[in-house]
Asks: 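Dropping the structure in here first, questions after.
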Number of protein chains: 2
Amino acid sequence: MTEAARHEPARGNETRARIQAVALELFAEQGYDKTSLREIAERLDVTKAALYYHFRSKEDIVASLVEDYIGQLDALIAWARMQPGTGGTRREILRRYVSLISDGREVFRMLHQNQAAVSSLGAAKQRGELFRERMTSLVSLLTGPGAALDEQVRAAMVLGGVSVGLMSFADEVKDREKLCSTVLTIACDIAEGPERSG
Amino acid sequence: MTEAARHEPARGNETRARIQAVALELFAEQGYDKTSLREIAERLDVTKAALYYHFRSKEDIVASLVEDYIGQLDALIAWARMQPGTGGTRREILRRYVSLISDGREVFRMLHQNQAAVSSLGAAKQRGELFRERMTSLVSLLTGPGAALDEQVRAAMVLGGVSVGLMSFADEVKDREKLCSTVLTIACDIAEGPERSG
DNA sequence: GTCTATAGACGGATAGAC
DNA sequence: GTCTATCCGTCTATAGAC
């Protein structure tokens, strides 16, 4: 074959990517339910029907957006499960988690602005509750098995704090790298809080 | 008048409250947009039209739900503005904030599951961005004016952590008071972190 | 790959009887 | 306060031409 694989024509994927970009922006901005396919199509100067060439349904568009992000989260969890439960591992988990959210901040924001809408998606249900489940896993990995309640609460608060810290200041900071390292430093500080004597 | 005030008949307010309760549950469970007035009416064994006697619109229902919660948040901010910027004040802000979220956890959950949907409500826009604005105020009150970036980030992470901590474990803990005090203790610990030497 | 046209369903909201 | 009936708008999705 002198060309790219038949079912992945270059132009087609370009258009597909443009659809995803516009959909992501609109979903995050004004919500999944309030964004119609007509609106997405208008922004791209195509018609609704054109969208259906690239995606089976509206749900399919959001699913394609979430897919990669969830995959990375699962990869992080899988990696963490194979590491020793040391302080160094926990810091590395947080470091990777911060990077993951920072890199996928658009999707992350969209996801959290539309939790109810996205959670009730058929595909989402098959994959389990998108977030709750993964957050529980990460909490376990940060605390170790059979941790006391307050350790679990602390770990959950660290993860929640990372999200809020990154998202709240994402738009009003010039140097994203610096924001990430600030958040990471604080997160590690919090996570190690109760074990300072150990 | 031997009866209650004419425009607040007992039965009417009972029904109104039942509508609010059902709506809150459904909005939180499956989302604002995916919950139709027909569905709410069916649960109450009345018709859609009956709902319109108690509320002008669907938007009006959710607005009535949010009203009280936002009012309490504003009251907390107003109170905090009149206090001295001491460590004791900051702890008291956090204590009240924890109570506020714990008491209004149903509304809080609904609100966060439907951020996009609720934010684009007309009434919401008039009151300013429901959350962002208030969170910024609270961050200022926790850090004092002109704080460095990392102090602001830390304060934002504390507030985010409180929400996540309370919501994540709300369903799997028997003693809510204890969860609140655990979260508060950790929140204060985090908030005081960088000032330990001062 | 993109178009026009339309099917088919559902939602919010109102009118007016009781 | 609650009902029946209905209007009108919008949406997702599909059929079929180009």
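Quick note on labels: first sequence line is chain A, next is B, and so on, each numbered from 1. Side-chain atoms are counted along with the backbone in the values below, which use heavy atoms only and exclude waters and symmetry mates.
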Asks: Are A:Glu92 and A:Arg96 ion-paired here, with the side-chain N under 4.0 Å from a carboxylate O?
Replies: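 Salt bridge: yes.
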
Asks: If I take atom CZ in residue B:Arg16 and atom C1' in nucleotide D:dT2, what distance separates them, rounded to the nearest angstrom?
Replies: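 To the nearest whole Å, that distance equals 17 Å.
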
Asks: Is B:Glu151 paired with B:Arg90 through a side-chain N to carboxylate O contact shorter than 4.0 Å?
Replies: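 B:Glu151 and B:Arg90: not salt-bridged.
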
Asks: Between P on C:dT2 and CD on A:Glu14, what's the gap in Å once rounded to a whole number?
Replies: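 One finds 11 Å between P of C:dT2 and CD of A:Glu14, rounded.
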
Asks: Taking CG from B:Leu51 and C1' from D:dT4, how many angstroms apart are they, rounded to a whole number?
Replies: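 That distance rounds to 15 Å.
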
Asks: How many Å lie between CD1 on B:Ile61 and P on C:dG12, as a whole number?
Replies: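 So the CD1-P distance, B:Ile61 to C:dG12, works out to 9 Å.
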
Asks: OP1 or OP2 of D:dT14 sitting under 4.0 Å from any side-chain N/O of A:Ser57?
Replies: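 Negative; the distance criterion is not met.
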
Asks: Could you please name the option among C:dC3, D:dT2, D:dC11 that lies closest to any side-chain atom of B:His54?
Replies: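 Between C:dC3, D:dT2, D:dC11, the one nearest the side chain of B:His54 would be D:dT2.
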
Asks: In whole angstrom, give the distance that lies between atom OH of A:Tyr53 and atom P of D:dT12.
Replies: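 Interatomic distance, OH of A:Tyr53 to P of D:dT12: 22 Å.
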
Asks: Quick one: which of D:dT12, D:dC3, C:dG12 gets closest to the side chain of A:Tyr52?
Replies: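 Nearest to the side-chain atoms of A:Tyr52, counting from C-beta on, is D:dT12.
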
Asks: Treating Ile, Leu, Val, Met, Phe, Trp and Tyr as nodes and any side-chain heavy-atom pair under 4.5 angstrom as an edge, say whether B:Leu159 and B:Val164 lie in one connected cluster.
Replies: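 Result: no, two separate clusters.
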
Asks: Just N and O in the side chain of A:Thr47: are any of them under 4.0 Å from OP1 or OP2 of C:dT2?
Replies: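 No, because none of the side-chain N or O atoms of A:Thr47 sits under 4.0 Å from OP1 or OP2 of C:dT2.
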
Asks: Answer yes or no: does a side-chain N or O of B:Thr35 lie under 4.0 Å from OP1 or OP2 of C:dG11?
Replies: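 For C:dG11, OP1/OP2 do not have a side-chain N/O of B:Thr35 under 4.0 Å.
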
Asks: Write down the distance between NZ (B:Lys48) and P (D:dC8), rounded to a whole number of angstrom.
Replies: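 From B:Lys48 NZ to D:dC8 P: 15 Å.
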
Asks: Find the distance A:Lys34:NZ to D:dC11:P and express it as a whole number of Å.
Replies: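 Going from NZ in A:Lys34 over to P in D:dC11 covers 11 Å.
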
Asks: Just compare D:dT2, D:dA13, C:dG11 and give me whichever is closest to any side-chain atom of B:Ser36.
Replies: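 Selected nucleotide (nearest to the side chain): C:dG11.
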
Asks: Under 4.0 Å between a Lys/Arg side-chain N and an Asp/Glu carboxylate O for B:Glu192 and B:Arg91?
Replies: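 Judged by the 4.0 Å cut-off on N to carboxylate O distance, B:Glu192 and B:Arg91 do form a salt bridge.
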
Asks: Check for a donor-acceptor pair, side chain of B:Lys178 on one end and backbone N or O of B:Val173 on the other, with a separation under 3.5 Å.
Replies: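 Side chain of B:Lys178 to backbone of B:Val173, a donor-acceptor pair under 3.5 Å: no, none is there.
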
Asks: 5'-most contact on DNA chain D: A:Ala49 or A:Arg38, nearest heavy atom basis?
Replies: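 On the 5' side of the pair lies A:Arg38.
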
Asks: Over how many whole Å does the gap from A:Leu37 atom CG to D:dT14 atom P extend?
Replies: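 The distance from CG of A:Leu37 to P of D:dT14 comes to 11 Å, rounded to the nearest Å.
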
